Amino acid sequence: MLEHMVSAWRARHAGRVASWRAAGREYVGRFAPSPTGPLHAGSLAAALASWLDARAHGGRWLLRIEDVDAPRSVTGADQMIRAQLSACGLTWDGEVMVQSTRDAAYAAAFAVLQAAGQVYPCACTRREIADSVANVREHAFGRELVYPGTCRAGLAPGRTPRAWRVRVPAGEIGFDDVLAGWRSQDLAREVGDFVLRRADSLWAYQLAVVVDDLAQGVTHVVRGADLIDSTARQLHLIRLLGGTPPEYLHVPVVVSADGEKLSKQTGAAAIDPAGAAAALAAAWSHLGRC
Ligand code: GLU
């Protein structure tokens, strides 16, 4: 069944596959689940798309366990995810990278950004950010909070640093997504300077994912469309760290009958390794137009 999917994917992406081959570079893809629970139909579809794209290009496919957010990690989820992928035949290449072992790499990248004057400490609480003038309107539309830049020029006297933020430039940061086409975001207007080191002193996902993708030489990021809005932030960090941006392909998220994105938080059913064939078939049919 997987062989047939690889051929079909290769046929659909023949132009990309041919031009990558012509460029003569090694393809490195990855699947980077957070072990907050077992894989469900949505995360399996993202895993399958990423695996298929790597295999269709004759490339390598890496597995990285993104447990940088330790409080959200669930004991046993890492092993369960590996068992589910194996049961589905989605085999990975080489060692599994585990983010909780990568503290030194994140600290080193952070030090580079710090030396370049790109990060600064921030004393603001979430409440203060939400209450800032800039956010009252955003909030009304249910949008993500925009950091208003309160601590950009230094902490006000008597304030204690909590998190560390990276400066974002004015102007659009764009990329050509394989499926979604040209996307761009004005980080200064839509996000603001964002957190790299959290108030609980954990490294933020945005920093960890970029440091690891660069360290592993990832050339293609294939993942769920729920992460497309993180891409401009990641491109900004890649640029600051002097890396080469990967190609991006964001697959549509799987939604439940009531239109909600499937997630561990909303109790999506775990893939049963014993029912791997049916789960794969469902994931493949979800990817029908990708
Ligand atoms: N760890 C992230 C998640 O499970 C995915 C990161 C990525 O693919 O860039 O949502």
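Start at 1 and go down the list; that is how both ligands and their atoms are numbered. Since this is a predicted model, take the numbers as computed values, not measurements.
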Check your understanding: Are His57 and His220 an aromatic pair by the rule of ring centers under 6.0 Å?
Key -> yes
**Study point:** Contact check, side chains of Trp203 and Phe110, non-hydrogen atoms, under 4.5 Å
**Key:** yes
Review point. Identify the closest protein heavy atom to atom 3 (C) of ligand 1: which residue and atom is it, and at what distance?
Key: Ser34 OG, 3.5 Å
Check your understanding: Of the protein's non-hydrogen atoms, which lies at the shortest distance from atom 10 (O) of ligand 1, and what is that distance?
Key -> Leu227 CD1, 4.1 Å
**Study point:** Residue, atom name and distance, where the atom is the protein heavy atom closest to atom 5 (C) of ligand 1
**Key:** Ala32 O, 3.3 Å
Point to revise | Exercise: do Asp176 and Tyr248 side chains pair donor with acceptor under 3.5 Å | key: no
Point to revise | Donor-acceptor pair between Gln206 and Ser230 side chains, under 3.5 angstrom | key: yes
Exercise for review: Could you list which atoms of ligand 1 come closer than 4.0 Å to a heavy atom of Glu66?
Suggested key: 1 (N), 2 (C), 5 (C), 6 (C)
Exercise for review: Return yes when Gln234 approaches ligand 1 closer than 4.0 angstrom through a heavy atom, no otherwise.
Suggested key: no
Check your understanding: Taking non-hydrogen atoms only, is Arg30 closer than 4.0 angstrom to ligand 1 via side chain, backbone, both or neither?
Key -> side chain
Practice item. Run the salt-bridge test on Arg198 and Asp69 with the 4.0 Å N-O cut-off and return the result as yes or no. Key: yes
Exercise for review: Under 4.0 Å from a heavy atom of Arg223: give me the atoms of ligand 1 that qualify, with their elements.
Suggested key: 7 (C), 8 (O), 9 (O)
**Study point:** Any Leu249 side-chain heavy atom under 4.5 Å of Arg223 side chain
**Key:** no
Review point. Would you call Arg55-Asp93 a salt bridge at under 4.0 Å N-O?
Key: yes
Practice item. Report yes or no: does a heavy atom of Tyr205 sit under 4.0 Å from some atom of ligand 1? Key: yes
Practice item. Output the list of atoms in ligand 1 that are nearer than 4.0 Å to some heavy atom of Val209, sorted by atom number. Key: 9 (O)
